[in-house]
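What follows is a short report on a single structure.
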Amino acid sequence: MPDTQWRLNGRCFKFGDDLAHDGAMMPFKYVIERVYDAAELVPHLFEEVDTSLSAQFKPGDILVAGKNFGKGKPHVQAYIALRALGVGVVCESMPFLSYRAAIGRGLLFLTDCTGASTLVEQGDHLEVDFSTGEFHNHTQRIERQFPPLPAALKEMVELGGINGVLQKWWEANGKAA
C-alpha cells in the first residue's frame, strides 16, 4: 500500500479502557471460523457494542481508546476491518501481541499516548499524523505530540502489513530463490 495516507482527518470514536478484541471489537464467531475477508468482517466490527457502529465509520475517522486496547488473544479480524474502513487508532496502551497483530495487518495506530482519552469527546473533529505523532483535536483546540511508530515498522505499515512485506520480498528475491 505505497499510497498510505499517514495523516487522517475525521470524527472521533471514543472508547474507554480494556477494549477486548474478542467480543467488544469483533464477535468471536469470526475468529473461530477464521474469517479474514475484510468485506465480510467490516459489518460485524463492534456489533456487540452497537450494531450500527461499523456503518458510522468513514475513511479518515479516528478511534481513541484508553489503556489496554485490544486486550485478550491477539486476533487480527478487527484490525483487518479497521484498516479496510480507513480508520486509525490512538490509544494509551495496548498489549504487545495486539501491537504485533496491528502492525502485521498494516493498521495506522499510535500507542503510549498518555491521557489521549481525556483529550477527546465522541464526535470531535480530529487530525492525526501517524507518521510523526502529531495529534490535533480541532473541536477542543488541543494539540499534542505522541510517539510515532518506530521507523523500522513504518515500512511494514506502508506496505499493508506482513503480506505486503512478503509480496515485496517475493517480487525482489522470490523468483531467484
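Note that this is a predicted model, so its numbers are computed, not measured.
- Residues Val35 and Met26 share a single hydrophobic cluster, defined by chaining ILVMFWY side chains whose heavy atoms lie under 4.5 Å apart.
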Phe146 vs Asp129, side chain to side chain contact (heavy atoms under 4.5 Å, CB included): CA-CA, chis, key distance, verdict: CA-CA 10 Å; Phe146 292 125; Asp129 187 325; over 6 Å; no
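- Taking the six-membered ring for Trp, Tyr99 and Phe109 have ring centres closer than 6.0 Å.
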Verdict with supporting geometry, Tyr30 and His75, side chain to side chain contact (heavy atoms under 4.5 Å, CB included): CA-CA 10 Å; Tyr30 299 95; His75 298 125; over 6 Å; no
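- Ile62 pairs with exactly one of Leu126, Val87, Val89 by the side-chain contact (heavy atoms from CB on, under 4.5 Å) rule, that one being Leu126.
- Between Phe69 and His21, the distance from one ring center to the other does not fall under 6.0 angstrom.
- Residues Arg105 and Asn163 form a side-chain contact, since some pair of their non-hydrogen atoms from C-beta on lies under 4.5 Å apart.
- Between the side chain of Asp61 and the backbone N or O of Lys58 there is at least one donor-acceptor pair closer than 3.5 Å.
- Gln77 places a side-chain heavy atom less than 4.5 Å from the side chain of Tyr36.
- Although no hydrogens or angles enter the test, the distance criterion places a donor-acceptor pair under 3.5 Å between the side chain of Thr139 and the main chain of His125.
- Between Trp6 and Val128, every side-chain heavy-atom pair lies at or beyond the 4.5 Å cut-off.
- Between Phe15 and Phe46, the two ring planes are parallel [angle under 30°; tilted spans 30° to 60°].
- Between Glu143 atom CD and Glu134 atom CD the span is 8.5 Å, to the nearest 0.5 Å.
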Phe135/Gln145 under side chain to side chain contact (heavy atoms under 4.5 Å, CB included): CA gap, chis, key distance, verdict: CA-CA 6 Å; Phe135 176 93; Gln145 179 66 47; over 6 Å; no
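- Taking the side chain as every heavy atom from C-beta outward, Leu19 and Lys71 never approach each other to under 4.5 Å.
- Here Cys12 contributes atom SG and Asn137 contributes atom CG; the two are 7.5 Å apart, rounded to the nearest 0.5 Å.
- Met94 and Leu153 end up in the same hydrophobic cluster when Ile, Leu, Val, Met, Phe, Trp and Tyr side chains are linked at under 4.5 Å.
- Between Lys168 and Glu155 there is a salt bridge, since at least one side-chain N of the basic residue sits less than 4.0 Å from a carboxylate O of the acidic one.
- The shortest distance between side-chain heavy atoms of Cys91 and Lys67 does not fall below 4.5 Å.
- Here the rule is side chain to side chain donor-acceptor pair (under 3.5 Å) with Asp124, and of Gln140, Arg11, Lys14 only Gln140 fits it.
- If you take CZ on Arg7 and OG on Ser131, they are separated by 9.5 Å, rounding to the nearest 0.5 Å.
- Both Leu53 and Val64 are part of a single hydrophobic cluster, where members link through side-chain heavy atoms under 4.5 Å apart.
- Remark: Ser117 OG to Glu92 CD distance equals 3.5 Å, nearest 0.5 Å.
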Stepwise side chain to side chain contact (heavy atoms under 4.5 Å, CB included) check, Ile103 with Val157: CA-CA 6 Å; Ile103 290 288; Val157 171; 3.9 Å; yes
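- Inter-residue side-chain proximity for Asn68 and Asp17 is flagged as unmet; no heavy-atom pair is nearer than 4.5 Å.
- Note: Thr114 OG1 to Arg144 CZ = 11.0 Å, rounded to the nearest 0.5 Å.
- Although no hydrogens or angles enter the test, the distance criterion places no donor-acceptor pair under 3.5 Å between the side chain of Ser98 and the main chain of Pro74.
- Met156 and Tyr79 end up in the same hydrophobic cluster when Ile, Leu, Val, Met, Phe, Trp and Tyr side chains are linked at under 4.5 Å.
- Put simply, CG on Leu63 and CG on Leu108 are 12.5 Å apart, with the number rounded to the nearest 0.5 Å.
- The side-chain heavy atoms of Val31 and Asp22, taken from C-beta on, include a pair separated by under 4.5 Å.
- Looking at Leu8 and Phe130, their side chains come closer than 4.5 Å, going by heavy atoms from C-beta outward.
- Val42 and Phe28 fall into different hydrophobic clusters, where Ile, Leu, Val, Met, Phe, Trp and Tyr side chains are chained together by heavy-atom contacts under 4.5 Å.
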